[in-house]
Structures are given as structure tokens and as C-alpha cells.
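For reference, the structure discussed in these notes is given below.
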Number of protein chains: 2
Amino acid sequence: MYTDLMNAPRTARQRARAELTREILDAARRQLGEAGPSALSLRAVARELGMASSAIYRYFKSRDELLTALIIEGYDEIGDAAEAADDPAAEPDERWTAIWRGVREWALTNRHEFALLFGTPVPGYAAPPQAAVAAGRMPLALARVVADAKAAGVLAPPPAPTCDPALIDAGTAELLPGAGFDADETARVILAWNRLVGIVSYELHGHLHRVTADDAGFFDYTARVSGAFAGLRFA
Amino acid sequence: MYTDLMNAPRTARQRARAELTREILDAARRQLGEAGPSALSLRAVARELGMASSAIYRYFKSRDELLTALIIEGYDEIGDAAEAADDPAAEPDERWTAIWRGVREWALTNRHEFALLFGTPVPGYAAPPQAAVAAGRMPLALARVVADAKAAGVLAPPPAPTCDPALIDAGTAELLPGAGFDADETARVILAWNRLVGIVSYELHGHLHRVTADDAGFFDYTARVSGAFAGLRFA
DNA sequence: GTCTATAAATCGATAGAC
DNA sequence: GTCTATCGATTTATAGAC
């Protein structure tokens, strides 16, 4: 939505507005890490940019609107990272690992934004429905690999515990139109998405400190485990 | 550490101090949900209790010390929940599910405390080393089930992707003295712990909204999947 | 141990001059 | 569109009377 404003700036006025909007978002992202998302302060952003606190209200009319812009931008960037890492011509196991690594790398260089997306929700703030579209891009990248493996006939059968179709939301069953996922396949993609976010969160939040010995190596191991569970074959 | 103060109160003075310490902790826990952990305010706690803001410094000499007490108390409670749910005489699959459900129930009724433990870390705050002991109790409960299944000779062999022993911290390899876990078994317990926290976080933070259709049912399915991966046999 | 008073900051948001 | 000034509130923390 705000990125729309930054495309095709025609007049000098529009360009100036787009640039300042960008600077506000960048400053806000820098500040996410200093006091946490819930303490994000419009005033502090204004101070960092050398502008009056009231001037910023011309760009974002509330703190929540700025938060929404940051969240959608974050979901889009992590979706970009996942899609950019994916080479549809490669083998499923390689695609899977590449997507996982792309997401992790984005998270490592944008840890506060990752926390904004997947950490504790900001109290009193509710993300608008349109954020769901951007939020779905990363798990969809994972689903695409599974769908392609299934179409190629190389998807492994589900492991022992199977998923009751009644547990999956009707809308989610159609998450990848044309893929023809059954409940088990859908559930395995959901758990893969949850696993990816969960293991990155553990690494970023220090829960693996003195538990694992090699973060990148354990992450790759987790990716293999997750991919195998999803039905992909790893060498 | 603070709970020590509450055991064996001898004089009336000590009992009064213990009770007020308890009230401060309870009030702080109530406030965790209002503005998030990073906004936890000693003054607001004092106000809620009808005491002067300065008086509270007699009980906790800083906000970080109060946070530490809350974190250790939370880890201990979730460890209690896991241990209380475990019946060592039951079958491994039943024990596993019971522990999972016990942890989820604690999280559902203490969601802000759960977020304090496993959500975004509070900026500028570092948990003291002694918190690690309390933090380990919940995953240890999971490990105990796996260890007992191994001792009984009913632990399934590892699934295809195996874990390089170099990826596990040397201290973690001894996480359950006497269990004789190898790297694969240790890694599977770590991932089970991560899975449990991850799926509860997803449920609490709304990421499963309109994705799954039955939170409790999908949680049980996840528990079965996780237990099977850990090597337990589910009917 | 509890109180008042205070220090030196911060915040979101608005009004109104220019 | 940007500024100053302001409102009414918040915070952590300390000093000192009682």
C-alpha cells in the first residue's frame, strides 16, 4: 500500500514524499531493535530524521498505521527472500533447502523485523486483513515445492500419524489452487512453515545457546528433517 | 530465589513481606498483557497495589530484577505443568500427549507469561544464567519419556536424515544423565521441544487463524507427529 | 518500610502560525 | 507541509521526612 506511493513518482513533490516515506520506514525499522515493537515511537522516528514530531503525521496518521506498513513490508520481504531463493528447475530437496536458507538469512539480517512478524504480538494492535496475503507468500513457496514433487510423482507417502481433514480450514485446503493437496499434505506444509519459523525464532532468541553447537549446521539438519517429513526425498 | 523468601516465613514481618512480594508478582503478571513485557512498569504495579512508587523498590530494586523473577517463575510453572501431567507408569505415547497438553493448557491460561518466556526477548534485558536451570525442566520432561522408551527397548530407529554429533553442544549431550542418548536422539528431543513451543506460539499469536479449523485437534495431531518423529509408537 | 516530593526524561496527539 | 508550543499523561529512580 505504501509501496504503491513509491512507484512511478511523477512530480518532484511526489518524489519528495516517496523518499521521505521511505526514510521514515527505514528509521522505524532501525528503532524496532532499540526498544521493541511495542515501544515504537513516532516521535523518536521524527527526531532521528530531524523533523518535528507533528510533521510525521502527514505520512502516517497513527502509530498503528506505521506498524501496519512495517508488518506488510516485512512479510513481503520474507516472501521475496523465499521466492528469490527458489529455482524451480532444481531438484525438490535443493529447492527446499535453498528456500529455508533464504528465509533464515533474511531473518538474521532483519531480526527485529522477524520478531515483529512472528514474535509476541504488539499489545493493543491488530493486523489488518490485507496483511494475510503478504503473510502467505513464504509458506506458499514451500507448498509449491511439495506440489511440484507431487506432480512429478516423487512425493513420499505420509508418515504414520495422519491428519483428520476436519482439522484443516476449508480455505486453506485450497491454498495452492490446482495442487490437489489432501489434508495430510496440507498439514505437512503447515507444520513445515511452523518448523521453519520456530527454529529460526529459537536461534534468534537464544534458546539454542549451549544446546546446539553450530547454528547454521543444525538449521540445515532441521531443514532436511522437515523436508523429509513433508514428503521430499533427501540424499 | 524470590520463592525462597516465601518459604518458612517466621516472623509476622517476614510473612507480610512474603505476601506483598507475592502480590507484586501477581500484579506484574496481570500487567504483562496490557502493554507487553517491555512496557512492564514498576510504577504501574505500585499504583495497582495502592502503594507509593518508591515503596516497591524495597522488594525489587529494579525493573530487570522483577522481570527475572517473573521469567524464572514462568519457567518453573511450565516445568511443573509438564511434570504434573506426566504419569511415569503410563505408556510412552500417553505420557507424551499428556505432557504436551499440560504445557498447552498452562500456555492458554498464562499466555502473557508464555510470551515472556518464548516470545520476543525484552530489549536491553538479558536473563541471568540461573534461569537456564528452570528453563530446562520442560524439555527434560519430554526427554524422560524418550529415555524410558529407549530403556524399554521400544524406541523406533531414527528417520532418514540423521544428525551430525558435532552439531550438538557437549553439555546438551549429557542433558539426561544415564539415558545414553546419541546425537540423533538428542536432536529429536530438541526438535520436539521446539515443535511444542512453536505450535503453541502459532496458536496463541493467531498464525493458525483460518489455517486450521480446530486448535485443540490440530495440536493433538502435532503432538502425535512430534512423538512419532521422536521415536515413540502411536496407535 | 512507607510516605511525599522531585528530577529529568519520555510518550501520542492536537492547535494554530506561517 | 512544516514549524513552535502545548496538553496531559507516562516512565525510572532518588532524596529525605516520618
Side-chain angles (χ1 to χ4, degrees), chain A residues 2 5-6 9-25 27-70 116 122-126, chain B residues 2 5-6 9-25 27-70 116 122-126:
Chain A
Y2 300 100
L5 292 176
M6 287 181 283
R10 304 183 188 191
T11 70
R13 197 175 196 80
Q14 284 175 338
R15 175 155 43 234
R17 182 177 179 85
E19 283 176 7
L20 201 37
T21 301
R22 182 69 262 156
E23 282 188 65
I24 291 170
L25 287 170
R29 288 174 67 155
R30 278 193 297 274
Q31 295 199 356
L32 276 182
E34 294 176 10
S38 62
L40 177 65
S41 151
L42 283 181
R43 205 184 181 94
V45 170
R47 191 172 38 243
E48 177 172 333
L49 295 180
M51 62 198 299
S53 63
S54 54
I56 211 167
Y57 287 88
R58 295 280 173 180
Y59 295 87
F60 298 94
K61 65 175 191 284
S62 73
R63 192 194 71 137
D64 283 4
E65 196 179 290
L66 176 58
L67 266 182
T68 295
L70 291 171
L116 176 64
V122 177
Y125 171 82
Chain B
Y2 299 101
L5 292 175
M6 287 181 282
R10 303 182 187 191
T11 69
R13 195 174 198 80
Q14 284 175 336
R15 175 155 44 233
R17 181 178 179 86
E19 284 176 6
L20 200 39
T21 301
R22 181 71 261 154
E23 281 189 65
I24 291 170
L25 287 170
R29 288 175 65 154
R30 279 194 297 274
Q31 294 199 357
L32 275 182
E34 294 177 10
S38 61
L40 179 63
S41 150
L42 282 181
R43 203 182 182 97
V45 170
R47 191 172 36 243
E48 175 172 335
L49 296 180
M51 61 198 300
S53 63
S54 54
I56 210 168
Y57 287 87
R58 296 281 172 179
Y59 294 85
F60 297 95
K61 64 175 190 286
S62 72
R63 194 195 69 137
D64 281 5
E65 196 178 289
L66 176 58
L67 264 182
T68 296
L70 290 171
L116 175 65
V122 177
Y125 170 81

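Every chain is numbered from 1, with letters handed out A, B, ... down the list of sequences. All of these numbers come straight from a predicted model, not from anything done at the bench.
Note on B/Y57: every side-chain N or O is 4.0 Å or more away from OP1 and OP2 of D/dT14.
Rounded to a whole Å, the CG atom of B/L40 is 12 Å from the P atom of D/dA13. In this structure, B/E19 atom CD and C/dG1 atom C1' are separated by 16 Å, rounded to whole Å. At whole-Å resolution of the value, CD in B/Q31 and P in D/dT10 are 12 Å apart. Across the protein-nucleic acid pair, B/Q14 atom CD and C/dG1 atom C1' stand 15 Å apart, rounded to whole Å. Regarding B/L42, its CG atom lies at a distance of 15 Å from the P atom of D/dT10, rounded to whole Å. In this structure, the CZ atom of B/R58 is 12 Å from the P atom of D/dA15, given to the nearest Å. Nucleotide D/dT2 holds its P atom 6 Å from the CG atom of A/L20, rounded to whole Å. Per the geometry, CD1 belonging to A/I24 stands 11 Å off P belonging to D/dG1, to the nearest Å.
If you check every strand for non-hydrogen atoms under 4.0 Å, B/I56 touches nothing. Residue B/A44 is in sugar-phosphate contact alone, with no base atom involved, counting any heavy-atom pair closer than 4.0 Å across all strands shown.
Across B/D64 and B/G124, no two heavy atoms sit closer than the pair OD2-O, 4.3 Å.
Between C/dG1, D/dC3, C/dT14, one nucleotide has an atom nearer to the side chain of A/A52 than all others, and that is D/dC3. Taking every side-chain heavy atom of B/Y59 into account, C/dT2 is the closest of D/dG1, D/dT12, C/dT2. Taking the side chain of B/R43 as heavy atoms from C-beta on, and the options C/dC3, C/dT6, C/dG12, the nearest nucleotide is C/dT6.
Here the side chain of A/Q31 pairs a donor or acceptor atom with the backbone of A/A44 at under 3.5 angstrom.
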*Worked check of side-chain hydrogen bond (donor to acceptor under 3.5 Å, both in side chains) between A/T68 and A/Y125*: CA-CA 9 Å; A/T68 295; A/Y125 171 82; 2.5 Å; yes
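Counting atom types as modelled, A/S41 pairs no side-chain N or O with a base atom of C/dC11 as donor and acceptor under 3.5 Å.
The line from OH of A/Y59 to CG of A/L20 is 4.0 Å long, rounded to the nearest 0.5 Å.
For A/R47 and A/S54, each mapped to the nucleotide of DNA chain C holding its nearest heavy atom, the one lying further toward the 5' end belongs to A/R47.
For the pair A/L40 and A/L70, the minimum side-chain heavy-atom distance is below 4.5 Å.
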